[in-house]
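Order of the sequence lines sets the chain letters (A, B, ...), proteins ahead of strands, with each chain counted from 1.
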Amino acid sequence: MPELPEVETIARGVHQRLSGDRIVMAWFGSHREPFKTPPARQAKGLEGRAILSVHRTGKHLVCELGPGLPNAQGTTSQTAEKLISRDKKRQGTTSVVPKVQQGKCGALAPVERSSAQWIVHLGMTGRLLVTTPDAPLAPHTHARLSLASGRELRFVDPRRFGRLEWRELGRTPAFQAAGIDPLTIASEKFYRLFHRPHTPIKAALLNQKLLSGVGNIYADESLFRSGIRPRRLSGRLTRAELEALRLALRQVLEDAIRLGGSSVSDYVDADGVRGFFQLEHCVYLRTGLPCRRCQTPIRRIELAGRGTHYCPRCQH
DNA sequence: CATGTTTCCTGACAGC
DNA sequence: TGCTGTCAGGAAACAT
């Protein structure tokens with residue numbers, strides 16, 4: 001299931017391959033979920049747009065899109081053309097705004113300001129794949145974006161817990177995560193955030209309004225690495241314990257990103273490649289197996305409706 | 001208000 | 001073999 005490290009891996013892969021490309025045509029194959037914005041409106045909005053960049057916010061993938069300009073082949077669809085002319089009339093100022101980006105080596109590159117966003121949440125089983133147009137179509141493919149480069153970006157999601165959302169900036173505010181990014185949260189902020197007297201620490205870790213990006217795997221793994229039992233009430237943890245947890249969480253997420261994420265269930269990155277962090281798991285899905293640190297069998301309980309794994313000897 | 005519970009959805013797998 | 005039942009879970013909706 002894609003959590004922060006998996007989404008980060010996919011975002012980097014898609015960004016590397018697709019930034020600078022342009023969406024020629026958008027196809028949406030299902031009329032029900034997973035659409036947060038009606039599919040027809042998403043298709044209209046996406047066609048003709050340049051992909052400026054792709055990045056991760058919490059567990060969401062955000063594609064920053066340029067204004068809808070005619071594509072290289074001159075095959076811009078009617079819907080896209082309508083959108084372009086309307087945009088030009090409405091607000092010429094936000095169309096192309098040349099900006100200067102200060103690179104690390106002092107290089108200057110013109111940067112277009114994003115005028116729209118396509119936001120992808122992968123849910124449990126969502127996959128975002130860069131393919132050739134003739135690649136066999138996986139079952140449960142809900143979206144196909146054909147690109148000026150001749151490739152396709154596909155969204156596949158068997159369980160349909162994923163969500164696709166379209167935002168036209170100016171009309172709608174830019175996407176923001178509800179909580180704070182666990183990779184960058186400061187010590188004091190983390191301490192105050194988790195000072196909740198009635199919430200088990202694991203439930204708090206999973207709450208996306210507090211931190212954005214932690215799911216079941218990395219909640220269990222960070223609690224093991226900091227030696228804290230999942231049922232402990234977060235407000236009763238000491239300052240030292242919460243600091244240990246913050247550092248363990250950051251480390252486990254960074255390690256996982258380095259290994260391309262955890263491939264449990266059927267997670268793959270934008271090229272269909274599996275991650276390797278599942279080999280480093282200490283407790284997640286290791287019920288009954290000996291603890292890597294003390295050999296005590298890993299215990300499984302249910303907490304906040306989720307399978308929860310911990311070592312009864314290493315975690316207090 | 002802050003927690004806990006249910007719901008959505010399909011594939012994988014166990015057991016008969 | 002093929003059927004049924006159970007389980008997995010992110011986050012919204014609903015209940016306590």
Side-chain angles (χ1 to χ4, degrees), chain A residues 1-8 10-11 28-37 39 56-62 119-128 137-143 155-165 175-182 192-223 230-237 249 253 256 261-268 274-275 277-278 281 283-289 298-310:
Chain A
M1 56 235 60
E3 302 180 27
L4 186 153
E6 293 76 29
V7 178
E8 179 69 34
I10 294 165
F28 292 87
S30 168
H31 56 285
R32 289 189 293 163
E33 319 260 39
F35 304 109
K36 229 170 153 172
T37 311
R56 174 195 66 81
T57 299
K59 292 180 196 173
H60 296 259
L61 284 145
V62 182
I119 299 131
V120 178
H121 191 289
L122 298 168
M124 280 284 297
T125 53
R127 292 154 75 166
L128 206 56
L137 205 63
H140 311 292
T141 299
H142 303 301
F155 175 71
V156 182
D157 184 15
R159 233 168 275 183
R160 293 197 297 207
F161 281 14
R163 291 291 178 267
L164 301 176
E165 182 183 356
F175 179 79
Q176 275 191 309
I180 304 165
D181 195 288
R192 273 180 286 154
L193 201 64
F194 283 93
H195 211 73
R196 304 168 81 84
H198 307 299
T199 312
I201 183 60
K202 171 154 175 182
L205 282 171
L206 292 174
N207 185 345
Q208 302 299 300
K209 287 174 188 159
L210 302 177
L211 294 179
S212 286
V214 182
N216 210 29
I217 298 173
Y218 300 102
D220 281 3
E221 292 298 320
S222 61
L223 286 170
R231 278 207 214 275
R232 293 273 305 282
L233 298 184
S234 73
R236 294 214 187 136
L237 295 174
L249 180 59
L253 293 171
S262 299
S263 282
V264 296
S265 124
D266 53 358
Y267 162 76
V268 288
R274 291 166 60 83
F277 194 72
Q278 68 278 7
H281 291 177
V283 288
Y284 183 75
L285 291 187
R286 296 194 75 247
T287 312
L289 295 173
I298 298 302
R299 195 171 287 174
R300 183 188 182 284
I301 57 171
E302 181 151 319
L303 198 161
R306 311 272 158 71
T308 298
H309 317 76
Y310 71 97

Between [N] atom [atom2] and [X] atom [atom1], what is the distance in whole Å?
X      : N      : atom1 : atom2 : result
A:D157 : B:dC9  : CG    : P     : 12 Å
A:R306 : B:dT7  : CZ    : C1'   : 13 Å
A:H140 : B:dC9  : NE2   : P     : 13 Å
A:L122 : B:dC9  : CG    : P     : 18 Å
A:F161 : B:dT10 : CZ    : C1'   : 9 Å

What are the two closest non-hydrogen atoms of A:G126 and A:D157, and how far apart are they?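 Between these two residues, the closest heavy atoms are N-OD1, 3.4 Å.
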My understanding is that only residues two or more places apart in sequence, or in another chain, count here; which of them pass side-chain hydrogen bond (donor to acceptor under 3.5 Å, both in side chains) with A:H60? none
Min side-chain heavy-atom separation [X]-[Y] under 4.5 Å:
X      : Y      : result
A:L4   : A:R56  : yes
A:I119 : A:L61  : no
A:D181 : A:S212 : no

If you fit an axis to the five pairs at each end of the helix from B:dA2-C:dT16 to B:dC16-C:dG2, how big is the angle between those two axes, to 10 degrees? 50°
Pick base, sugar-phosphate or nothing for A:G215, based on heavy-atom distances below 4.0 Å to the nucleic acid. nothing
Sugar-phosphate, base or nothing in reach of A:Y218, heavy atoms under 4.0 Å: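 Answer is nothing: A:Y218 stays at 4.0 Å or more from every strand.
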Under 3.5 Å, which donor-acceptor pairs link side chains of residues 303-310 of chain A to any protein atom two or more places apart or in another chain?
from   : atom 1 : to     : atom 2 : distance (Å)
A:T308 : OG1    : A:K202 : NZ     : 3.0
A:T308 : OG1    : A:R306 : O      : 3.2
A:H309 : ND1    : A:D220 : OD2    : 2.8

The criterion is salt bridge (Lys or Arg N to Asp or Glu O under 4.0 Å); which residues satisfy it with A:R231, sequence neighbours excluded?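 Per chain and number, A:R231 pairs via salt bridge (Lys or Arg N to Asp or Glu O under 4.0 Å) with no residue.
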Suppose we screen for salt bridge (Lys or Arg N to Asp or Glu O under 4.0 Å). Which residues come up paired with A:E221, at least two apart in sequence or across chains? A:R225
Listed partners of A:A178 passing side-chain contact (heavy atoms from CB on, under 4.5 Å), at least two apart: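 With neighbours one apart ignored, the set is A:K209.
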Partner residues of A:F194 under the ring-ring contact (aromatic ring centres under 6.0 Å, His included) criterion, sequence neighbours left out: A:F190
Near DNA chain C, under 4.0 Å by heavy atom, which residues of residues 192-206 of chain A? none
A:Y284 vs A:H281 aromatic rings, parallel, tilted or perpendicular, using cut-offs 30° and 60°?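 Answer is perpendicular, since the angle exceeds 60°.
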Earliest and latest nucleotide of DNA chain C, 5' to 3', sitting under 4.0 Å from a non-hydrogen atom of chain A? C:dA8 to C:dA11
